[in-house]
Amino acid sequence: MWSAGAEELRREGGSHSGREMRALLAALLLLQAARASRAACFSVVSSSHLLDLSNKSRDCPILQWSEVDQKNVRELNLSHNGIDSINGTLGPQVSVLDLSHNRLQSLPDGFLAQAKGLKKLHLQHNQLQSLPNHFFRSSTNLNHLDLAHNPLAAVPTSAFHPTLQHMVVDCRCDVAQSVAAHCACESPNCTERTCHCLAEQGPRNLTDFHAGTCRSWLGLVPTAVVGGLVALLLLGMLGAFFLLWRRRRAVATSVLKKRESSSSGGHGQPRYISRTGEQTAAQDTHQAPDYENVFIGPMQLQPQAHLTPQHKARERKKSPGRAPKATEEHYYLESDTGLGDNPIYANTPSPYDRGHPESCTDEDVYIVPDK
């Protein structure tokens with residue numbers, strides 16, 4: 001019984017594994033067929049030195065360079081084929097390569113690693129945003145380079161071989177700045193070079209464009225920077241003066257304004273109020289009465305009725321013929337105060353000061369009412 005069950009399980013397992021293997025093999029075949037069909041942008045065999053494959057493909061996501069790498073081909077034209085990327089390396093036998101009017105966004109770092117025989121390279125009308133720094137290092141015989149109509153910010157310095165005599169880029173200051181020194185040909189052994197940039201009006205001499213547009217624009221930069229700094233300095237000074245003026249105004253409005261009241265006190269002295277003129281009528285209705293500087297008089301001296309005749313005689317002996325004099329502390333001012341009242345400005349001397357001129361000063365006296 002046990003042997004029969006084991007045999008049945010073995011047969012079922014074998015059938016499952018066989019189905020899985022067949023499914024996996026079918027998936028691998030489909031994947032290989034998809035890769036082959038996708039990579040087959042071109043299928044040619046040429047014995048000519050010139051191979052023109054322009055407009056042979058509308059969509060070529062990946063170009064396998066082995067499809068077009070013919071040992072006898074010297075000039076290869078692959079323009080207008082919708083090529084997105086390239087996988088491979090250019091052979092040393094190719095002297096002219098045209099990859100213009102495609103959708104190339106980048107190129108392999110070693111694409112020109114063996115391109116010692118390359119003399120002309122056309123990469124215009126692509127979507128190249130940058131090229132590797134050492135991209136042209138091995139292309140020492142490069143004579144003509146066209147990079148126009150690409151969003152390149154700069155041309156790698158590895159392209160500036162002494163053999164490079166013709167170059168075409170866009171009329172933009174960033175890319176023109178990167179090639180201006182090479183195109184100016186300032187070295188003693190430099191041969192004449194022709195560099196053009198393409199603008200909407202047509203091709204222009206790159207050296208003239210850089211000198212007339214980019215250098216003049218760069219010359220305005222220091223002036224603009226200095227002008228901006230001066231403007232910022234002036235704005236800062238104006239802001240500081242404005243803040244100082246606002247602060248002084250706030251302090252001035254906070255200082256109490258004195259104005260004499262139209263009425264006078266019952267004792268003949270002027271009355272002073274310390275309310276600012278900015279107070280509203282609603283606030284004045286709840287304002288306490290104006291302060292009044294009122295001189296009340298000397299404090300009543302201690303009565304001497306309780307003194308004995310002996311004490312009175314003793315006091316007369318201490319100061320015969322003189323009445324007791326009141327001191328300044330025996331006088332006081334009285335005024336009615338209310339909540340929110342301010343200190344009183346007093347400008348009259350006290351009776352004590354009248355009798356003692358030496359104690360008078362020129363300083364104003366401020367009297368704070370009792371709370």
Side-chain angles (χ1 to χ4, degrees), residues 27-156 158-159 164 166-170 175 198:
L28 290 176
L29 291 175
L30 289 174
L31 180 60
Q32 185 176 3
R35 288 180 177 177
S37 62
R38 184 176 59 185
C41 296
F42 307 99
S43 179
V44 293
V45 176
S46 176
S47 59
S48 174
H49 294 291
L50 174 60
L51 180 57
D52 187 1
L53 296 176
S54 61
N55 283 311
K56 298 298 182 181
S57 174
R58 293 184 178 180
D59 187 18
C60 182
I62 301 177
L63 172 61
Q64 299 294 335
W65 199 253
S66 58
E67 300 176 20
V68 296
D69 189 13
Q70 305 293 322
K71 298 299 182 182
N72 57 326
V73 173
R74 299 293 182 266
E75 298 182 12
L76 180 58
N77 187 355
L78 294 170
S79 62
H80 299 277
N81 282 305
I83 301 173
D84 292 336
S85 61
I86 296 175
N87 185 15
T89 303
L90 180 67
Q93 76 281 1
V94 179
S95 61
V96 179
L97 176 61
D98 190 349
L99 286 169
S100 62
H101 296 275
N102 282 290
R103 299 194 299 262
L104 293 171
Q105 297 183 4
S106 63
L107 288 170
D109 290 358
F111 180 67
L112 300 180
Q114 302 176 11
K116 295 182 179 180
L118 184 64
K119 294 182 179 180
K120 292 184 179 181
L121 179 59
H122 297 272
L123 291 172
Q124 67 270 23
H125 290 280
N126 276 284
Q127 301 174 14
L128 296 171
Q129 298 181 3
S130 64
L131 290 172
N133 292 331
H134 305 291
F135 185 73
F136 300 96
R137 181 171 53 185
S138 300
S139 56
T140 54
N141 291 315
L142 187 63
N143 177 267
H144 181 96
L145 177 61
D146 193 340
L147 292 170
H149 298 289
N150 280 285
L152 283 172
V155 177
S158 59
L164 184 61
H166 306 280
M167 183 183 298
V168 183
V169 295
D170 289 336
V175 66
L198 297 184

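Positions are given from 1 along the sequence. Owing to the predicted nature of the structure, the values given are computational and were not obtained by experimental measurement.
The minimum heavy-atom distance between Leu51 and Gln70, with the atom names listed, is CD2-CG, 4.3 Å. Shown here for Pro108 and Gly88, the closest heavy-atom pair between the two residues is CG-O, 4.2 Å.
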Between side-chain atoms of residues 128-142 and protein atoms elsewhere (two or more places apart, or another chain), which donor-acceptor pairs fall under 3.5 Å?
residue	atom	partner	partner atom	Å
Ser138	OG	Ala113	O	3.2
Ser139	OG	Phe136	O	3.0
Asn141	ND2	Lys116	O	2.6

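Residue pairs meeting the salt bridge (charged side-chain N to carboxylate O under 4.0 Å, His left out) criterion with at least one member in residues 117-134, sequence neighbours excluded, do not occur. Within the structure, ring-ring contact (aromatic ring centres under 6.0 Å, His included) contacts touching residues 54-77 (residues at least two apart or in different chains) are Trp65-Phe111. Screening residues 78-107 for side chain to side chain donor-acceptor pair (under 3.5 Å) gives Asp59-Arg103, Gln64-Asn87, Asp69-Gln93, Asn77-Ser79, Asp84-Arg103, Asp98-Ser100, Gln105-Gln127 as the qualifying pairs, with residues at least two apart or on separate chains.
With rounding to the nearest 0.5 Å, the separation of CD1 in Ile83 from OG in Ser57 is 7.5 Å. The line from CG of Leu104 to SG of Cys60 is 9.5 Å long, rounded to the nearest 0.5 Å. The line from CG of Leu121 to CG of Leu99 is 7.0 Å long, rounded to the nearest 0.5 Å.
Judged as a side-chain contact (heavy atoms from CB on, under 4.5 Å), and not counting sequence neighbours, the contacts of His49 are Arg74. With sequence neighbours excluded, the residues satisfying side-chain contact (heavy atoms from CB on, under 4.5 Å) with Val94 are Leu90, Leu97. Val155 pairs by the side-chain contact (heavy atoms from CB on, under 4.5 Å) definition with Leu147, Ala159, Phe160, Val169, Val175, Ser178, Val179, not counting sequence neighbours. With sequence neighbours excluded, no residue satisfies side chain to side chain donor-acceptor pair (under 3.5 Å) with Asn150. Looking at residues two or more places apart in sequence or on another chain, you find no salt bridge (charged side-chain N to carboxylate O under 4.0 Å, His left out) involving Asp146.
Proximity of Val68 to Leu53: side-chain heavy atoms (C-beta onward) are separated by under 4.5 Å at one or more points.
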Where do Leu123 and Leu107 land on the side-chain contact (heavy atoms from CB on, under 4.5 Å) test, with the steps shown first? CA-CA 11 Å; Leu123 291 172; Leu107 288 170; 4.1 Å; yes
Between His166 and Leu145, is the side-chain contact (heavy atoms from CB on, under 4.5 Å) condition met? List the steps. CA-CA 6 Å; His166 306 280; Leu145 177 61; over 6 Å; no
